[in-house]
Protein chains: 2
Amino acid sequence: MASQSASSPDSNPDSLSTQLAARGYKLTRPRRAVLRVVAETRESLSPSEIHARAKKFYPQTGLVTVYRTLEVLAECGAVRKVHQADGCHSYAPASEGHAHHIICENCHSVVEFEDCDLAEMVKTVQRHTGYKIEGHWLELFGVCPNCRR
Amino acid sequence: MASQSASSPDSNPDSLSTQLAARGYKLTRPRRAVLRVVAETRESLSPSEIHARAKKFYPQTGLVTVYRTLEVLAECGAVRKVHQADGCHSYAPASEGHAHHIICENCHSVVEFEDCDLAEMVKTVQRHTGYKIEGHWLELFGVCPNCRR
DNA sequence: GGGCTAATTGAAAAACGTTTTCAGTTGGGA
DNA sequence: TCCCAACTGAAAACGTTTTTCAATTAGCCC
């Protein structure tokens, strides 16, 4: 079942805050700013885009702190790095557990989905190549409902 | 059916050469050097690794030219950018047509495979999200036969 | 084979994105 | 309120990629 990232329980700023606190991280102003940016977006954003937006909430926010906060959020699983043709330098909100992204080629909006049954394919490929397959990585590209109009 | 990249017809230096010529590219010494490196490897290599190896064949080869040649080769479909956890800065030999890579987490060796039947999944995801899905991108991670020993 | 010309080259410099360093600041428990 | 480890931003360091430019070279034409 697919779910809108921006409205999933885990990218809600409150639950993110408590999740950080639970892991012993302090809830500082710049972190709050980055959290808000991530929670409010439906697009994948580069660190510097996130920095620009975070400054609207807390103008002193430094780019360095954005990098550090993204690292923490990725560790918590709240964001995921998104890999695109032009590089792998943006982050998208993510909910818990195994999930993949669909990215709109037009507006970069991102939606998560979980239906990825690759078991059959993995078996075949293992048989053909002799590799022991331990993980996979899948992204879909397309056009979102908004941009189709 | 899976195929060893290094032995596929398209990463063979000769056919690569004629392919370049067909597109109006000149066959210069540094390009030959990069071609040989790509044709001979079974791993995914970063531009600077490729540069280091290319210098064995033509010592004057500049790193800039490696970047430029990789761009040309990617355009011809002879190499593909490989995306890994630590970044997306390496290239793997690629044969023609739609294919994906399996990358060994231990030695970075790369094998291609073509069995990717995602049609069913794509249909489901389209229904659930409203996105019109136009492409996908899949990489498998695992341990190659050599490293399993 | 020799010469011509556009494509290609390497070195240096610029431009990026990311990480490290460090002295000063701050969140949140005692 | 005080205290201290966690955290911060500015500056500098760093590695990768791109741009610039004068010199070189591949391959066509004669």
Side-chain angles (χ1 to χ4, degrees), chain A residues 13-14 16-37 44-76 79 81-91 108, chain B residues 13-14 16-37 44-76 79-91:
Chain A
D14 288 342
L16 266 182
S17 302
T18 51
Q19 207 178 334
L20 286 179
R23 294 192 182 224
Y25 290 115
K26 288 188 180 174
L27 249 178
T28 63
R29 285 156 182 278
R31 276 189 186 158
R32 268 185 236 269
V34 173
L35 255 56
R36 275 189 67 179
V37 171
S44 56
L45 301 173
S46 69
S48 66
E49 285 167 332
I50 293 173
H51 181 219
R53 297 189 186 194
K55 286 207 272 193
K56 291 183 195 155
F57 299 132
Y58 183 63
Q60 296 100 302
T61 310
L63 180 56
V64 192
T65 300
V66 172
Y67 276 98
R68 290 190 276 226
T69 303
L70 286 173
E71 208 172 301
V72 168
L73 292 182
E75 188 198 319
C76 295
V79 297
K81 221 172 197 171
V82 163
H83 297 242
Q84 286 172 280
D86 55 332
C88 49
H89 305 291
S90 53
Y91 289 82
H108 293 118
Chain B
D14 288 342
L16 265 182
S17 303
T18 51
Q19 208 178 332
L20 285 180
R23 295 192 182 224
Y25 290 113
K26 288 188 179 173
L27 250 178
T28 62
R29 285 156 182 279
R31 277 189 186 157
R32 269 185 234 270
V34 172
L35 254 56
R36 277 189 67 179
V37 171
S44 58
L45 300 173
S46 68
S48 66
E49 283 167 334
I50 293 173
H51 181 220
R53 296 190 186 192
K55 286 207 273 193
K56 289 182 196 154
F57 299 131
Y58 183 63
Q60 297 101 300
T61 310
L63 179 56
V64 191
T65 300
V66 172
Y67 276 98
R68 291 190 275 227
T69 303
L70 286 173
E71 209 172 302
V72 168
L73 292 182
E75 189 198 318
C76 296
V79 298
R80 242 183 272 272
K81 219 172 199 173
V82 163
H83 296 243
Q84 286 172 279
D86 55 332
C88 48
H89 306 290
S90 54
Y91 290 82

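Throughout, protein chains are lettered first and strands after them, A, B, ... in sequence-line order, and every chain is numbered starting at 1.
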**Asked** Pick the nucleotide of DNA chain D nearest each of B:Ala21 and B:Pro47; which residue has the one closer to the 5' end?
**Response**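 Upstream on the strand: B:Pro47.
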**Prompt:** Is it the case that more than 12 heavy atoms not belonging to A:Gln60 sit under 6.0 Å from its CD atom?
**Reply:**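 Check passes, neighbour count above 12.
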**Prompt:** What are the two closest heavy atoms between B:Leu20 and B:Cys76, and how far apart are they?
**Reply:**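 Heavy-atom minimum between the residues: CD2-SG, 3.8 Å.
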Under 4.0 Å from OP1 or OP2 of [N]: is there any side-chain N or O of [X] that close?
X       : N      : result
A:Thr28 : C:dG27 : no
A:His89 : C:dT18 : yes
A:Arg29 : C:dT26 : no

Please report the distance, rounded to the nearest Å, between [atom1] in [X] and [atom2] in [N].
X       : N      : atom1 : atom2 : value
A:Tyr58 : D:dT8  : OH    : P     : 9 Å
A:Gln60 : D:dA10 : CD    : C1'   : 13 Å
A:Arg32 : D:dA6  : CZ    : P     : 19 Å
B:Ile50 : D:dT16 : CD1   : C1'   : 14 Å
A:Glu71 : C:dT19 : CD    : P     : 7 Å
B:Leu20 : D:dA26 : CG    : P     : 15 Å

**Prompt:** Hey, what's the ring geometry for A:His83 with B:His83, parallel, tilted or perpendicular (30° and 60° as the breaks)?
**Reply:**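 Perpendicular, since the angle between the ring planes exceeds 60°.
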**Message:** Closest approach to the side chain of B:Tyr67, judged atom by atom: which nucleotide of D:dA10, D:dT25, D:dT16 is it?
**Reply:**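 Closest of the options to the side chain of B:Tyr67: D:dT16.
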**Message:** Need to verify one output field. Residue with the more 5' nearest nucleotide on DNA chain C, A:Ser48 or A:Arg68?
**Reply:**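 So the residue in question is A:Ser48.
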**Message:** Both B:Val64 and B:Arg31 contact DNA chain C. Taking the nearest nucleotide for each, which residue is further toward the 5' end?
**Reply:**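 By nearest-heavy-atom nucleotide position, the 5'-most residue is B:Arg31.
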**Request:** Take B:Ile50 and B:Thr69, measure what side chain to side chain contact (heavy atoms under 4.5 Å, CB included) needs, and give me the verdict at the end.
**Result:** CA-CA 11 Å; B:Ile50 293 173; B:Thr69 303; over 6 Å; no
